[in-house]
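So you know, we letter chains A, B, ... as the sequences are listed, proteins then strands, and number each from 1. Model, not experiment: these values are computed from the prediction.
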Amino acid sequence: MSAAVEDTFESAGRRSLTLPFTGIWRNGLFAAGTWALTAVLTYGLPDVITWGATELFAAAALVGAGIFLALSVTVHRLGSVGRTLVHYGPWFIVLGLWLAVWEVLTAKLGWLPKPFFSPPQGLLHVYVTDWDRLLICIAYTGRLWGLGFFSGILVGFAGGVALGWSKRFAYWGMPLLKLIGPVPASAWIPCTFFIFPSTFHASIFLVALASGIPVAILTAAGVSQVNRSFYDVARTLGADNRFLIFKVAIPASLPNVFVGLFMGLYYSFAVLVVAEMLGAKFGLGWYLQFNTAYSAYANVYAALIIMALICAGLVRLLFVARDRLLGWQKGIL
Amino acid sequence: MALALAEANPIESIALDVEGVSHRYDVDGKDLQVLDNVSLTIAPGEFVALLGPSGCGKSTLLRLAAGLETATVGKVLEDGRPITAPNPDRILVFQDATLFPWRTVRDNIAIGLEARRLLDTKGYRIDEVLKLVKLEGFADFYPHQLSGGMAQRAALARALVNDPKLLLLDEPFGKLDSLTRLRMQNELLDLWKSAGFTALLVTHDVEEALLLADRVIVLSDRPASIVAEIRVDRPHPRRRDDATLVALRSQLLEKLGISHDV
Ligand SMILES: Nc1ncnc2c1ncn2[C@@H]1O[C@H](COP(=O)(O)OP(=O)(O)OP(=O)(O)O)[C@@H](O)[C@H]1O
Ligand SMILES: [Mg+2]
């Protein structure tokens with residue numbers, strides 16, 4: 001499903017990109033080359049600006065190159081993992097090039113100056129020196145995000161079903177939802193301070209709001225768009241309201257709900273920084289603000305990369321959940 | 001097969017009375033009259049076929065009998081009691097299969113039993129009806145993996161598994177190839193004979209009506225009123241070239257406004 005539409009028509013063409021699946025993996029060799037280039041440039045050229053971790057980064061890039069070199073002959077024995085690696089071969093090549101160019105433009109030539117830009121070795125330096133604080137921040141953010149996101153989507157989903165199902169609910173709820181929906185999270189801060197007993201609760205509320213609203217809107221739309229004939233069929237077969245809601249309306253609108261969940265996931269990450277403005281002592285959002293204030297942009301980038309990776313991982317998980325639940329859509333979409 | 005079904009579950013049938021029913025739809029504020037003073041009585045266990053031009057209101061009449069809608073004027077009664085809501089005793093097989101795309105064939109057929117919490121006691125019937133409609137190999141297929149005819153058969157199975165007392169059929173064989181159609185017609189007939197439910201079948205096919213029904217009712221163009229009612233007093237199995245049926249056929253075609261030489 002995540003594949004582009006073009007893919008379904010040109011699958012033969014795409015296959016020729018990754019096949020033949022024997023012999024030497026040429027893209028692996030190229031990737032080893034670009035990564036080795038990064039290592040050589042990093043180690044060989046003098047730093048115009050000191051960032052630290054120069055040797056370490058060069059060594060890491062060299063290890064990367066070595067891994068690709070080894071993979072270029074063994075990848076075919078790795079089964080499905082190997083296939084995935086081969087699929088992303090061009091990405092690995094470009095990644096190596098990108099690291100080299102980035103390294104040269106920042107640390108080696110200084111065209112992109114400190115502190116606004118950081119070379120990859122600068123980021124590595126942050127991870128090596130500040131890992132303990134970053135880990136604590138990840139844990140704190142994870143707790144805030146988990147509580148906020150899951151309570152948000154739960155309430156959003158239940159509210160969405162009610163809004164889509166009941167005319168009375170929709171009459172009162174829909175206008176409110178449309179008013180609340182576009183309000184930026186930071187606008188809520190004053191009243192959340194007043195309403196909630198602690199800043200932590202207020203932060204949870206902001207994350208919950210950001211993730212719950214798209215889920216509510218899309219669930220409501222999904223439920224109200226369910227084909228009436230499905231209800232007619234179920235009713236003639238003896239279904240009560242409970243059955244109509246749980247066995248007809250909800251499964252029929254699940255594709256919409258998932259769109260809402262994806263949006264909610266992205267919004268919840270976007271709002272983390274704001275939520276952790278409210279007197280948090282740790283957390284990735286807090287880490288971003290703290291380091292921005294001190295112009296420690298390398299730390300900011302390092303934390304951003306972590307956030308992006310976590311978000312991408314969660315999106316991936318959500319895709320897996322969706323494919324599980326919506327397997328029946330495979331032949332339709 | 002059909003016999004086995006009936007022995008296991010003797011089914012009572014019900015009488016359907018349509019008394020002076022007129023029905024209107026409100027289409028963007030405009031009144032659309034669909035049925036015009038339709039009256040008909042169907043005895044328990046009777047098999048009645050309904051013929052009429054496209055868009056005259058046949059499906060509407062079935063929706064009224066199923067209890068999905070209430071007649072604007074007049075009454076629809078089951079065994080003398082007004083029909084106010086859907087009830088699994090009266091099951092409508094819709095013109096489109098309307099299978100739930102998120103359920104497999106088996107789970108689609110199970111809907112009625114599931115809704116009435118009979119899955120534990122009557123779940124075995126699912127396999128019986130699957131066999132009856134020759135879909136036993138497709139139980140775990142999703143609707144989008146079925147052909148149009150298979151979907152229609154699955155929809156028929158979904159109705160039959162509930163042992164309806166009144167079976168309302170809206171062109172159930174419309175999408176079947178002629179061979180399957182013949183086979184399904186015979187299966188339906190066997191089932192009707194053994195199970196004894198009352199059947200009201202909407203069809204476009206004059207021959208189908210004559211082969212199956214005790215009585216054929218012809219509706220006029222919209223707004224539909226009854227223009228003819230023909231009793232088919234021939235024993236089953238009937239042959240298409242039966243002289244009586246051939247005569248009735250041209251009579252019916254005439255009532256439908258089609259000349260003899262078609
Ligand atoms: N829900 C509805 N709202 C408004 N008009 C409707 C509705 N359902 C049916 N109609 C109208 O009622 C008329 C009869 O429809 P119906 O579906 O009963 O016809 P039919 O006899 O079953 O036709 P066909 O043989 O083509 O299936 C049509 O003109 C249709 O436009
Ligand atoms: Mg119809």
Checklist line | Contact class of B/Tyr142 relative to chain A, heavy atoms under 4.5 angstrom | finding: side chain
Checklist line | Max heavy-atom pair count under 4.5 Å with chain A, selected residue of B/Ile111, B/Asp89, B/Asn162, B/Leu113 | finding: B/Ile111
Notebook entry, point to check: Where on B/Asn87 is there a heavy atom nearer than 4.5 Å to chain A: the side chain, the backbone, both, or neither?
Noted result: backbone
Notebook entry, point to check: Do you see a donor-acceptor pair shorter than 3.5 Å between the side chains of B/Asn108 and B/Arg103?
Noted result: no
Check: Are the side chain of B/Gln33 and the backbone N or O of B/Leu35 linked by a donor-acceptor pair below 3.5 Å?
Finding: yes
Next item on the list: Below 4.5 Å from any heavy atom of chain A, which atoms of B/Gln145 appear? Answer side chain, backbone, both or neither.
Entry: neither
Notebook entry, point to check: Are A/Arg242 and A/Phe246 in a cation-pi setup, meaning NZ or CZ lies under 6.0 angstrom from the ring centre and within 45 degrees of the ring axis?
Noted result: yes
Check: Given a strict heavy-atom distance threshold of 4.5 Å, which part of A/Phe230 is in contact with chain B: side chain, backbone, both, or neither?
Finding: both
Checklist line | Donor-acceptor side-chain pairing of B/Glu171 and B/Thr203 below 3.5 angstrom | finding: no
Item checked: Between B/Tyr25 and B/Glu69: side-chain donor-acceptor atoms closer than 3.5 Å -> yes
Item checked: Which atoms of B/Leu168 approach chain A - backbone, side chain, both or neither, heavy atom under 4.5 Å -> neither
Notebook entry, point to check: Side chain, backbone, both or neither: which part of B/Arg90 has a heavy atom under 4.5 Å from chain A?
Noted result: backbone
Notebook entry, point to check: Is the A/Phe269 ring parallel, tilted or perpendicular to the A/Trp145 ring (thresholds 30°, 60°)?
Noted result: tilted
Next item on the list: Flag the one option from A/Asp240, A/Leu326, A/Val248, A/Asn227 with the top tally of heavy-atom pairs under 4.5 Å to chain B.
Entry: A/Val248
